[in-house]
Asker: 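Here it is: the structure, laid out below.
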Protein chains: 2
Amino acid sequence: MKTKAQHDEDTVEQGPLGTRERIVRTASRLMQRQGYEASGVKQISQEAGATLGSLYHFFPGGKQQLAAEAIRHGDREFADILGEMLDSRPDPAGAIDDCAVALAEGLHASAWLDGCPVTATALGAAGHLPDIQRAAAEAFQRWRELVYEKLRGAGIAEDEARELASTVISTLEGAEMAAQVARSEEPLRAAGRQLARLINSYR
Amino acid sequence: MKTKAQHDEDTVEQGPLGTRERIVRTASRLMQRQGYEASGVKQISQEAGATLGSLYHFFPGGKQQLAAEAIRHGDREFADILGEMLDSRPDPAGAIDDCAVALAEGLHASAWLDGCPVTATALGAAGHLPDIQRAAAEAFQRWRELVYEKLRGAGIAEDEARELASTVISTLEGAEMAAQVARSEEPLRAAGRQLARLINSYR
DNA sequence: TACCGGATAGAGCGCTCGCTCTAGAGCATG
DNA sequence: CATGCTCTAGAGCGAGCGCTCTATCCGGTA
């Protein structure tokens, strides 16, 4: 039998994280790539270096609870990146374009596997798993608000900024999906340039 | 035992369509709502009023082949609608806005269940089922070309029209997903207005 | 030392999955 | 009627699903 410390040393990938965190991250990554239905709890626990017992200890709500937490993890992850990119330049148009390029390069680097962590999980479950849908809706809302604040800070009026921020997020999501399916950076790069043009038309 | 004719009379829903066509349409609708993995071949055959034997007779390639044909069906379906809407008005900006509003109303009318028929099927399978991914990529490409021709007809230059058409499709896809998750027409309506503004900025 | 609760471990439950296989129905030919 | 072909019919296969359950390990406390 392994001690806890020995066990942690064996799971090379994710460092000194706790079991619960490893499970959430693994679930998020797997569902991002395969969707909700195709990601089994046994696969998740194995790749996380945990066991089924641990998984159900930390997530008594089962796969559904785990998926909701995985979405919230992806939400925070992308919100951090988006926030950083928006802060790195003063003009919102350039920042959004940078963001699209970064998404394109990241997607390409993952061999077109890692699309939006929320989309793939949420789409298959949107109709009949309310917890998961709610978590996804909250993620989109948070991202919209980040863009909204940036646009407001650049002097765009409330109503226009709200609608524009919503469209920026929708376009990035759609373009990421298009890029993934087409296995090409071009849809995302085009979207970035067009969004920049659209934003600049308000100034 | 039922004769073929008697059997066709019993399947109320889809009229006098052949078995193969009923299976494709049912598969397309189910995968649109539930995704690829969550739609079982038994469920598809039952709801289509067919049997497993019939399904595997017409689709010896199994679920994968069926999914690819379902995507192509959804492709044609949406391409027809898109083509009609683009033809119904001279100005591309207004036509795209109309299209977004129509998508929003259709999505709402289906109780937020019927999103893009291609997206849900393709996303879960994009990584490891090449046939399905290819069919989805071809669908997006066809839709882009429809928009491209409309923009070209309105006098927009080649390079600009290509990038703009790509962004229009990406934005509509992303906004439809956002609307579905948020259970609100607003993301699609906002996207329609912003796309119209973007298109008009080229004239 | 003995004990306790958090965490780990995995065998096994009932069920459904995609798919195969054999049998037969219906219909156009001679 | 006999033959051959397309299509229908559904029982059943092995595998995997989400989840439950009992047994055990471990560090901290008394």
Side-chain angles (χ1 to χ4, degrees), chain A residues 1-11 14 16-27 30-31 34-70 121 124-125 128-129 131-132, chain B residues 1-11 14 16-27 30-31 34-70 121 124-125 128-129 131-132:
Chain A
M1 280 300 139
K2 298 175 184 177
T3 66
K4 183 164 182 288
Q6 283 168 350
H7 179 82
D8 277 353
E9 285 168 11
D10 285 352
T11 61
Q14 313 208 26
L17 292 170
T19 302
R20 191 194 145 96
E21 184 67 15
R22 289 204 317 276
I23 292 173
V24 169
R25 292 189 186 209
T26 305
L30 284 177
M31 290 184 179
Q34 312 174 342
Y36 175 78
E37 302 285 350
S39 305
V41 287
K42 277 176 182 161
Q43 182 191 15
I44 292 169
S45 63
Q46 278 174 17
E47 296 205 12
T51 62
L52 262 185
S54 302
L55 191 153
Y56 279 95
H57 170 76
F58 288 111
F59 306 95
K63 190 183 183 184
Q64 199 169 143
Q65 179 191 353
L66 176 55
E69 301 231 22
T121 313
H128 52 111
L129 299 175
D131 292 354
I132 295 175
Chain B
M1 279 300 136
K2 297 173 183 178
T3 65
K4 183 163 181 289
Q6 283 167 349
H7 178 82
D8 277 353
E9 284 168 12
D10 285 353
T11 62
Q14 313 208 29
L17 293 170
T19 302
R20 190 192 146 96
E21 184 67 14
R22 288 202 319 276
I23 291 173
V24 170
R25 293 190 185 208
T26 304
L30 285 176
M31 290 183 180
Q34 313 174 342
Y36 175 79
E37 301 284 351
S39 305
V41 287
K42 276 177 182 158
Q43 182 190 14
I44 292 169
S45 63
Q46 278 173 17
E47 296 204 13
T51 62
L52 262 184
S54 303
L55 191 152
Y56 279 96
H57 170 74
F58 288 112
F59 306 95
K63 190 183 183 183
Q64 197 168 148
Q65 179 191 353
L66 176 54
E69 301 231 20
T121 313
H128 51 112
L129 298 175
D131 292 353
I132 295 175

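Hydrogens, waters and symmetry mates play no part in the numbers below; they use all other heavy atoms, side chains included. Predicted, not measured: the structure shown is a model, and the values here were computed from it.
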Asker: Reckon A:Gly40 touches a base, only the sugar-phosphate, or nothing at all at heavy-atom distances under 4.0 Å?
Answerer: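 The answer is sugar-phosphate, as A:Gly40 gets under 4.0 Å only of primed atoms, P, OP1 or OP2.
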
Asker: Both B:Arg20 and B:Leu52 contact DNA chain D. Taking the nearest nucleotide for each, which residue is further toward the 5' end?
Answerer: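 Result of the comparison: B:Arg20.
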
Asker: B:Val41 and B:Tyr56: side-chain contact (heavy atoms from CB on, under 4.5 Å), yes or no, with the steps?
Answerer: CA-CA 9 Å; B:Val41 287; B:Tyr56 279 96; 4.0 Å; yes

Asker: State the CD-CZ distance between B:Glu47 and B:Arg22, to the nearest 0.5 angstrom.
Answerer: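 It is 13.0 Å, given to the nearest 0.5 Å.
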
Asker: Nearest to the side chain of B:Phe58, heavy atoms from C-beta on, is which of D:dC7, C:dG18, C:dT8?
Answerer: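 The answer is D:dC7.
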
Asker: Considering heavy-atom distances to DNA chain D, does B:Lys42 or A:Gln64 have its closest nucleotide positioned more toward the 5' end?
Answerer: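 Its nearest nucleotide being more 5', the pick is B:Lys42.
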
Asker: Which nucleotide in the list D:dT8, D:dC19, C:dA9 gets nearest to the side chain of A:Lys63?
Answerer: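 So the nucleotide nearest the side chain must be D:dC19.
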
Asker: Go through B:Phe59 and B:Arg20 one step at a time and tell me if the side-chain contact (heavy atoms from CB on, under 4.5 Å) criterion holds.
Answerer: CA-CA 9 Å; B:Phe59 306 95; B:Arg20 190 192 146 96; 3.8 Å; yes

Asker: Among the candidates C:dC19, D:dC19, C:dT8, find the nucleotide nearest to the side-chain atoms of A:Tyr56.
Answerer: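 Of the candidates, D:dC19 comes closest.
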
Asker: Please give me the minimum heavy-atom distance between A:Ala38 and A:Gln43, naming the atom from each residue.
Answerer: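 Looks like O-OE1, 4.0 Å.
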
Asker: Students often get this wrong, so: under 4.0 angstrom with heavy atoms, is A:Ser39 touching a base, only sugar-phosphate, or nothing?
Answerer: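 Here A:Ser39 touches the backbone only, sparing every base.
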
Asker: Think B:Thr19 has a side-chain N or O under 4.0 angstrom from the OP1 or OP2 of D:dT8?
Answerer: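 The answer is yes; a side-chain N or O of B:Thr19 sits under 4.0 Å from OP1 or OP2.
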
